[in-house]
Visitor: 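Take this structure, written in structure tokens, and hold onto it; I'll ask about it next.
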Amino acid sequence: MTEKNECGCGKSTGETPCGSGNKQPPDHFNNWLHEQQLQERLHRIRHKILVMSGKGGVGKSTVAANLAISLSLSGKRVGLLDVDIHGPSIPKMLHLDAANVHMKDGAIQPVIHAGVKVMSVGFLLKDRDDAVIWRGPMKASVIKQFLTDVDWGDLDYLIIDSPPGTGDEPLSVVQLAEPVDGAVVVTTPQDVATTDVRKSIKFCKQLQLPVLGVVENMSGFVCPKCGEVTDIFKTGGGEKMASEMKVPFLGRIPIDPAVGQACDAGTPFVYHHSRTETAKAFERVIAPILALSAHDETVQQNQKEEIAMKIAIPIAEGKLAMHFGHCAEFALIDVDNTTKTITGQKRLTPPPHEPGVLPRWLHEQGVTVIIAGGMGSRAQALFAENGIKVTVGAPSEPPEALIAAYLAGTLQTGANVCDH
Ligand code: ADP
């Protein structure tokens with residue numbers, strides 16, 4: 001899709017418009033601007049995952065759509081980008097054949113389906129059965145436009161369904177959407193015997209794109225009457241091949257008539273069938289991908305802890321006590337690290353002195369930082385194990401003055417007066 005420029009001549013914004021002389025910015029400026037816009041969009045997408053296959057018809061788009069919906073059902077913000085320019089199947093699979101995209105505030109609005117933001121070249125074709133004949137650079141340019149001009153907003157995951165093989169489309173995605181977190185390679189028991197799927201894995205390795213794992217789809221048949229799984233073809237080849245190629249194996253998904261029926265009905269399988277064996281197989285495939293954002297949450301939690309600090313200071317007569325282990329009282333002070341202000345404070349009497357008691361007690365109080373005059377090295381190690389940061393050698397001053405200096409980065413520390 002090309003947005004009209006100011007003079008409405010229909011040329012792309014990168015071209016020189018009609019009759020505008022040399023008033024327009026030069027091409028290199030426009031290129032720079034587009035690059036900035038691309039980076040801004042990509043910056044708001046946490047994880048980008050490419051779904052690939054060696055051959056067509058192995059269920060790659062089915063896996064991509066079910067993966068996107070599963071992540072969305074798990075509460076993640078998800079986009080699904082279909083870059084299969086010659087045979088976009090996502091619109092059909094999601095019953096979005098009649099969907100039209102529109103522009104808002106200069107950006108292409110994705111179509112929202114089951115909570116997932118969807119974009120496909122299929123939305124832009126007048127006749128969905130039109131054959132698209134595009135050369136490599138044009139494909140790269142349309143993929144760039146999908147990444148730059150589509151209003152993806154903030155996403156936890158962008159799932160990118162690429163056409164089978166190792167052609168221009170997956171290459172453009174890896175180069176343009178850098179860094180892509182990794183690829184999921186879909187295969188079938190029959191496909192695994194061919195060299196196509198190995199080529200996909202080698203392609204990823206050459207581009208230093210991590211292979212998140214191999215999925216063996218259509219692996220066994222689920223009887224629609226009794227639910228029993230029968231291996232029609234020799235299964236397990238995907239796992240063997242993954243191990244030979246030293247990439248993870250994500251699991252097997254059987255041929256289940258309900259998968260095809262759900263696709264025909266426009267709502268991917270996992271949306272309706274959360275308790276069947278096939279749904280559980282999809283869940284297993286998705287687990288390592290969900291783990292990517294579980295890691296994000298740990299990082300966020302750590303960041304949150306850095307924002308809200310609880311600082312402990314041993315006190316005697318209203319000032320920092322030099323003998324940490326035997327002090328009669330602790331000041332516990334809550335600090336908002338972003339505004340550098342004290343948000344609350346209390347004084348507490350510690351439990352009777354015994355080895356190991358104070359680290360445990362202060363950890364239970366939620367303390368993240370200790371400001372002390374002196375402290376033995378063993379105690380310092382115990383606090384470190386409890387995730388508490390210790391500053392020693394602070395002067396004997398009132399806690400508020402110490403906190404102010406600590407937050408301003410001007411706290412003067414001397415010798416550790418109690419290093420035993
Ligand atoms: P690809 O993207 O690899 O070309 P598709 O995802 O379009 O393949 O799947 C091809 C056909 O196979 C579709 O009709 C789809 O519904 C069906 N299909 C895919 N996986 C399964 C499965 N596990 N069980 C039953 N049908 C499936």
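When a ligand or atom number is given, it counts from 1 through the structure's own listing order. Residue numbers start at 1 and run along the sequence shown. Only heavy atoms go into these numbers, but all of them, side chains included; no hydrogens, no water, no symmetry mates.
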Visitor: Would you indicate whether the side-chain heavy atoms of V369 and K310 approach each other to under 4.5 Å?
Guide: no
Visitor: Check whether any protein heavy atom sits under 4.0 Å from atom 12 (O) of ligand 1.
Guide: yes
Visitor: Looking only at side chains, do K139 and H86 share a donor and an acceptor under 3.5 Å apart?
Guide: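 Yes, a side-chain donor-acceptor pair sits under 3.5 Å.
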Visitor: Hey, is atom 19 (C) of ligand 1 touched by any protein heavy atom at less than 4.0 Å?
Guide: yes
Visitor: Below 3.5 angstrom, do we get any N/O pair linking S61 and ligand 1?
Guide: yes
Visitor: Side chains of S70 and N66: donor-acceptor distance under 3.5 Å anywhere?
Guide: no
Visitor: Would P164 count as a contact of ligand 1 if the rule is a heavy atom under 4.0 Å away?
Guide: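 In this structure, P164 fails to qualify as a contact of ligand 1 - no heavy atom is under 4.0 Å.
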Visitor: Can an N or O of G57 be found at a distance shorter than 3.5 Å from an N or O of ligand 1?
Guide: yes
Visitor: Could you say whether the N/O atoms of G59 and ligand 1 ever approach to under 3.5 Å?
Guide: yes
Visitor: Note the single closest protein heavy atom to atom 27 (C) of ligand 1, along with its residue, its atom name and the distance in Å.
Guide: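 In this structure, atom 27 (C) of ligand 1 has V259 CG1, 3.9 Å as its nearest protein heavy atom.
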Visitor: Are L402 and L411 side-chain neighbours, meaning at least one heavy-atom pair lies under 4.5 Å?
Guide: yes
Visitor: So if I count the atoms of ligand 1 from 1 in the order they appear, which ones are less than 4.0 Å from some heavy atom of P254?
Guide: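 So the answer, numbered in order with elements, is 22 (C), 23 (N), 24 (N).
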Visitor: Give the intermediate values and the outcome of side chain to side chain contact (heavy atoms under 4.5 Å, CB included) for residues V285 and L67.
Guide: CA-CA 8 Å; V285 163; L67 175 58; 5.7 Å; no
Visitor: Under 3.5 Å between any N/O of T62 and any N/O of ligand 1: does that happen in this structure?
Guide: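 Between T62 and ligand 1, an N or O pair is found under 3.5 Å apart.
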Visitor: Step by step, would you call T187 with D191 a side chain to side chain donor-acceptor pair (under 3.5 Å)?
Guide: CA-CA 6 Å; T187 182; D191 181 36; 3.1 Å; yes
Visitor: What residue and heavy atom of the protein are closest to atom 25 (C) of ligand 1, and at what distance?
Guide: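 Residue, atom and distance for the closest contact: D256 O, 3.2 Å.
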Visitor: What residue and atom, counting heavy atoms only, is the protein's closest point to atom 16 (O) of ligand 1, and at what distance?
Guide: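 Of every protein heavy atom, G260 CA, 3.5 Å lies nearest to atom 16 (O) of ligand 1.
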Visitor: Examine the side chains of E35 and Q39 and answer whether a donor and an acceptor come within less than 3.5 Å of each other.
Guide: yes
Visitor: Can you sort out which atoms of ligand 1 are near M93, meaning under 4.0 Å from one of its heavy atoms?
Guide: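 Matching atoms, with element in brackets: 6 (O), 7 (O).
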Visitor: Do T343 and D334 have side-chain atoms, one donor and one acceptor, less than 3.5 Å apart?
Guide: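 Per modelled atom types, T343 and D334 side chains form no pair under 3.5 Å.
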Visitor: By number and element, which atoms of ligand 1 are closer than 4.0 Å to a non-hydrogen atom of M218?
Guide: 12 (O), 18 (N), 19 (C), 20 (N)
Visitor: Pairs of nitrogen or oxygen atoms closer than 3.5 Å, one from N217 and one from ligand 1: do any exist?
Guide: yes
Visitor: Taking the six-membered ring for Trp, is the centroid-to-centroid distance between F146 and F123 below 6.0 Å?
Guide: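 Not under 6.0 Å, so no.
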